[in-house]
Amino acid sequence: MLNTVPDQTPRLHVAAAVIYSPEGAILLARRPEHKHQGGLWEFPGGKVEAGESVLAALARELQEELGISAIEAQPLLQLQHDYPDRSVLLDVYSVTAFQGEPQGCEGQPLAWVTRDRLREYAFPAANQPILDCLLDSAAD
Ligand SMILES: Nc1nc2c([nH]c(=O)n2[C@@H]2O[C@H](COP(=O)(O)OP(=O)(O)OP(=O)(O)O)[C@@H](O)[C@H]2O)c(=O)[nH]1
Ligand SMILES: [Mg+2]
């Protein structure tokens with residue numbers, strides 16, 4: 001029988017957090033060199049596992065990567081991006097309260113960055129709509 005079903009790589013579902021300090025700075029983490037989009041700065045987070053809710057994934061990733069517990073998270077935006085080697089669906093939340101002091105638990109460098117300095121950091125291409133959103137809201 002002819003195979004008429006096109007090859008489809010499933011879209012990777014990712015939960016990511018724009019984490020705010022009480023002073024309003026945003027936490028960035030640098031992706032390890034050997035990982036997808038390595039060396040670029042990201043909003044902490046990771047893959048949603050099968051059967052897991054996005055918020056549960058977000059909380060788990062922030063605990064694993066930064067050692068913090070998210071207390072308040074609001075949906076910010078959802079976006080899709082097709083890299084040559086993978087397609088992602090990013091579910092982005094604003095985290096405005098958390099418990100603990102963020103640390104690079106996986107050895108990743110961290111930076112607290114004010115919105116006016118976000119442009120100085122190199123991000124994966126998928127992140128452009130997130131940056132547009134954050135920079136737009138800087139106008140208010
Ligand atoms: N966390 C995060 N991932 C992003 C961002 N932008 C972006 O394109 N991604 C992509 O989304 C995917 C997230 O994967 P990840 O490497 O964080 O996943 P993970 O924490 O579960 O890591 P693991 O696979 O080593 O367990 C990667 O392909 C990554 O390149 C971002 O701002 N934050
Ligand atoms: Mg991750």
Side-chain angles (χ1 to χ4, degrees):
M1 199 171 126
L2 281 176
N3 180 5
T4 52
V5 182
D7 255 352
Q8 283 208 350
T9 323
R11 193 171 284 283
L12 202 62
H13 193 184
V14 175
V18 177
I19 303 169
Y20 288 92
S21 74
E23 297 77 28
I26 292 171
L27 185 62
L28 303 181
R30 198 154 67 81
R31 295 185 61 77
E33 294 294 338
H34 66 275
K35 280 190 154 186
H36 185 246
Q37 300 294 304
L40 299 176
W41 291 87
E42 69 167 8
F43 299 102
K47 301 177 190 79
V48 179
E49 291 176 355
E52 188 178 40
S53 71
V54 182
L55 273 173
L58 191 77
R60 177 181 51 72
E61 290 287 349
L62 298 189
Q63 192 60 248
E64 289 174 3
E65 296 186 355
L66 304 170
I68 61 169
S69 302
I71 295 175
E72 277 176 18
Q74 299 93 27
L76 180 66
L77 83 164
Q78 202 182 50
L79 66 93
Q80 297 191 1
H81 185 83
D82 297 324
Y83 291 109
D85 54 342
R86 87 170 40 163
S87 295
V88 293
L89 165 62
L90 293 189
D91 248 313
V92 188
Y93 283 74
S94 299
V95 171
T96 46
F98 56 87
Q99 224 160 35
E101 184 58 37
Q103 290 178 24
C105 297
E106 298 174 343
Q108 74 280 32
L110 302 181
W112 284 108
V113 177
T114 49
R115 282 193 294 194
D116 57 310
R117 303 199 69 172
L118 280 174
R119 284 192 190 83
E120 298 171 21
Y121 291 78
F123 292 90
N127 289 34
Q128 194 53 51
I130 311 173
L131 297 164
D132 292 344
C133 181
L134 295 175
L135 294 170
D136 271 1
S137 62
D140 50 55

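Just so you know, these numbers use all the heavy atoms, side chains as well, and skip hydrogens, waters and symmetry mates. Here the structure is a predicted model, which means the values were calculated and not measured. Both ligands and their constituent atoms are indexed starting at 1 by order of listing.
- Summarising the geometry, atom CZ belonging to Phe98 is positioned 6.5 Å from atom CD1 belonging to Ile19; distances are rounded to the nearest 0.5 Å.
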>> I'd like to know whether Arg11 forms a side chain to side chain contact (heavy atoms under 4.5 Å, CB included) with Asp82, so could you lay out the CA-CA distance, the side-chain angles of the two residues, the decisive distance to 0.1 Å, and finally the verdict.
In response: CA-CA 9 Å; Arg11 193 171 284 283; Asp82 297 324; 3.0 Å; yes

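- Of the protein's non-hydrogen atoms, Lys35 NZ, 2.9 Å is the one closest to atom 25 (O) of ligand 1.
- Atoms CG and CD1, on Leu90 and Ile130 in that order, are 5.5 Å from each other to the nearest 0.5 Å.
- For the pair Phe43 and ligand 1, the shortest N or O to N or O distance falls below 3.5 Å.
- Residue-ligand proximity: Tyr83 is placed with a non-hydrogen atom under 4.0 Å from ligand 1.
- Between the side chain of Glu61 and the backbone N or O of Val14, no donor-acceptor pair lies under 3.5 Å.
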>> Go through it in stages, so that I can follow the logic: the residues are Lys35 and Glu42, the test is side chain to side chain contact (heavy atoms under 4.5 Å, CB included), and I'd like the CA-CA distance, side-chain angles, deciding distance and then a yes or no.
In response: CA-CA 12 Å; Lys35 280 190 154 186; Glu42 69 167 8; over 6 Å; no

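- Residue contact check: Arg86 has heavy atoms under 4.0 Å from atoms 27 (C), 28 (O) of ligand 1.
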>> As a quick check of understanding, evaluate side chain to side chain contact (heavy atoms under 4.5 Å, CB included) for Tyr93 and Val18, giving each step before the final call.
In response: CA-CA 6 Å; Tyr93 283 74; Val18 177; over 6 Å; no

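- Remark: ligand 1 and Ile130 share no N or O pair separated by less than 3.5 Å (distance only, no angle test).
- Proximity of Glu64 to ligand 1 is not established, as no heavy-atom distance is less than 4.0 Å.
- Atom 12 (C) of ligand 1 has Val14 CG2, 3.6 Å as its closest protein atom, hydrogens excluded (heavy atom only).
- Judged by distance alone, the side chain of Gln63 and the main-chain N or O of Ile68 form a donor-acceptor pair under 3.5 Å.
- Annotation for ligand 1: atoms under 4.0 Å from non-hydrogen atoms of Leu90 are 6 (N).
- Shortest contact from atom 21 (O) of ligand 1 to any protein heavy atom: Lys47 N, 3.0 Å.
- For ligand 1, the atoms lying closer than 4.0 Å to a non-hydrogen atom of Ala126 are 8 (O).
- Of all atoms in ligand 1, numbered sequentially from 1 with element shown, those under 4.0 Å from a heavy atom of Gln37 are 30 (O).
- At the Mg ion (ligand 2), the angle from O in Gly45 to OE2 in Glu65 is 80° when rounded to 10°.
- Between His81 and ligand 1 there is no heavy-atom distance shorter than 4.0 Å.
- Among Asn127, Val88, Leu28, the residue whose heavy atom lies closest to atom 7 (C) of ligand 1 is Asn127.
- Of the protein's non-hydrogen atoms, the one nearest atom 16 (O) of ligand 1 is Arg31 NH2, 2.8 Å.
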>> Trp112 vs Leu27, test: side chain to side chain contact (heavy atoms under 4.5 Å, CB included). Steps then yes/no.
In response: CA-CA 5 Å; Trp112 284 108; Leu27 185 62; 3.6 Å; yes

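- Here the CG atom belonging to Leu118 is positioned 6.0 Å from the CG atom belonging to Leu134, to the nearest 0.5 angstrom.
- One finds the OG1 atom of Thr114 at 8.0 Å from the CD atom of Glu120 (value rounded to the nearest 0.5 Å).
- For a threshold of 3.5 Å applied to N or O pairs, the pair formed by His36 and ligand 1 contains at least one separation below that value.
- Looking only at protein heavy atoms, the nearest one to atom 20 (O) of ligand 1 is Glu65 OE2, 2.9 Å.
- A parallel orientation is assigned to the rings of Phe123 and Phe43, their planes being inclined by less than 30° (bins at 30° and 60°).
- For atom 3 (N) of ligand 1, the closest non-hydrogen atom of the protein is Glu42 OE1, 3.6 Å.
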